[in-house]
Amino acid sequence: MKVAVFGTKPYDQHWLENVNAEQGQPHQLSFFEPRLTLTNLPLINSHDAVCVFVNDVVNAPVLQALHERGVKVVALRCAGFNNVDLDTAKRLGIAVVRVPAYSPFAVAEHTVGLILALNRKIHRAFNRVREGNFEINSLIGFDLHGKTIGVMGTGRIGAVFAKIMLGFGCRILAHDPQPNPELEQLGVRYVSWDELCAESRIISMHCPLTPQTHHIVSHDAIDRMPDGVMLINTSRGALVDSRALIAALKSGKLGSVALDVYEEEADVFFEDLSDRVLQDDVLARLLSFPNVLITSHQAFFTEEAMQQIAETTLANLTACEQNQPIADNTLT
Ligand code: NAI
């Protein structure tokens, strides 16, 4: 297949080209740096498929334009698909495929890394020591052992995360419309979202972004949380109302926050903006808090995950070419 790869970073090109070569070059890949948007559509030149990531725009007008250019497949090289208008794709006969599972360990382990860094203030200690300041004032944390962790969504990633935290000696409360019996056997207790908010010392978000979960971490939800709670979001930015977050950080209701995703991340994350003035005032405010740790959507970014993403993306394209959709990977 002729595939236009949008939003290409050097690592995307490296892994996709390597795996395509390993498989005997089944696909002809063109790499484009810009994200897929209406404006960037002229880059498509008799391609059969586009390959996109989390922040590409795949809404109805873009899908209509892709259809008019003869594109038959949208291959997401990620799990989340909230940026794709699936109804329009289906109506236009465009196949949408994704990578539903790739190293849940990558995201779960990054989540644990954020908790440890935030709790023990490792990010601040690193800077202090490099400046020759060896004081430990205000770097105090708390033992994770015995604390209650709330896990919102216990699918592939949430389940791995819950098991790691059980290993720390934590008590796990979870909320998920589809409870995982294996976790229940390990002692995880499923409760309502309200109870999870009320009882947890740390809350970690691992559910998908849907109309039901949009801004589920709202002013009201934060009000129900204990004072000083730690909130972690490595799932999708818009699960959290960023303005509510700022208000709760200012009042001290939220003790600390770590984000690997942010609701307006599309124009910022994955880019080097170090010599520009940050235009997003909400993000700038979040970055100003000493008890907020932000990473730029890198939780997935391990060698194992990149290899699996490339393998599944290319297998998805081959399956589409041969009209043999892979059930779990096909959205339309
Ligand atoms: P998954 O599909 O295996 O699990 C999602 C779980 O959420 C399911 O058990 C589902 O029943 C549950 N769920 C659905 N609606 C819910 C609700 N209203 N309340 C509570 N739980 C609900 O997905 P997986 O692989 O575990 O990924 C989770 C999320 O992590 C993805 O949706 C994606 O947005 C995010 N992600 C982030 C990455 C990063 O680099 N930061 C990388 C990969 C995924």
Side-chain angles (χ1 to χ4, degrees), residues 7 9 11-12 52-56 76-84 86 98-115 149-165 172-184 188-197 200 203-218 221 231-240 258-263 265-266 268-270 293-309 312-313 327-331:
K9 296 291 177 191
Y11 43 85
D12 294 313
V52 298
F53 196 49
V54 289
N55 291 323
D56 291 85
L76 292 153
R77 49 183 192 279
C78 55
F81 51 90
N82 49 283
N83 54 334
V84 186
L86 292 180
R98 65 167 178 150
V99 184
Y102 55 89
S103 181
F105 308 103
V107 182
E109 289 171 11
H110 188 76
T111 307
V112 178
L114 290 173
I115 291 174
I149 315 289
V151 186
M152 180 59 167
T154 52
R156 295 176 190 88
I157 295 168
V160 172
F161 170 71
K163 287 182 198 167
I164 297 174
M165 297 319 289
I172 309 290
L173 297 181
H175 179 69
D176 193 308
Q178 290 177 296
N180 174 335
E182 188 201 346
L183 290 182
E184 285 180 306
V188 172
R189 193 158 70 83
Y190 281 88
V191 296
S192 66
W193 167 235
D194 283 358
E195 192 176 341
L196 185 151
C197 287
S200 304
I203 296 175
S204 193
M205 305 302 293
H206 299 287
C207 59
L209 176 62
T210 63
Q212 291 74 42
T213 60
H214 183 266
H215 281 191
I216 193 158
V217 179
S218 58
L231 177 75
I232 314 287
N233 187 11
T234 57
S235 188
R236 281 293 179 268
L239 295 176
V240 176
L259 306 173
D260 185 55
V261 287
Y262 166 61
E263 54 183 328
E265 71 180 49
V268 181
F269 283 15
F270 305 116
L293 181 52
I294 298 181
T295 52
S296 180
H297 208 138
Q298 69 171 84
F300 73 98
F301 199 41
T302 65
E303 292 173 7
E304 290 79 1
M306 290 306 290
Q307 176 77 21
Q308 286 169 20
I309 288 170
T312 306
T313 301
D328 281 354
N329 302 2
T330 306
L331 296 165

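Bear in mind that the values here come from a model prediction, so they are computed numbers and not experimental data. Each ligand, and each atom within it, is numbered from 1 in the order the structure gives.
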Nearest 0.5 Å, what's the [atom1]-[atom2] distance between [X] and [Y]?
{"X": "E265", "Y": "E263", "atom1": "CD", "atom2": "CD", "value": "10.0 Å"}
{"X": "Y190", "Y": "I172", "atom1": "OH", "atom2": "CD1", "value": "10.5 Å"}
{"X": "F269", "Y": "Y262", "atom1": "CZ", "atom2": "OH", "value": "8.0 Å"}
{"X": "N233", "Y": "I294", "atom1": "CG", "atom2": "CD1", "value": "11.0 Å"}
{"X": "M152", "Y": "L173", "atom1": "CE", "atom2": "CG", "value": "13.0 Å"}

Exercise for the section: Heavy-atom cut-off of under 4.0 Å around ligand 1: list whichever protein residues fall inside it, by chain and number. Expected result: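 Around ligand 1, where the cutoff is 4.0 Å for heavy atoms, the contacting residues are Y102, V107, M152, G153, T154, G155, R156, I157, H175, D176, P177, Q178, H206, C207, P208, T213, T234, S235, R236, D260, H297, A299, F300.
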Handout entry: More than 12 heavy atoms of other groups within 6.0 Å of F270 CZ
Key = yes
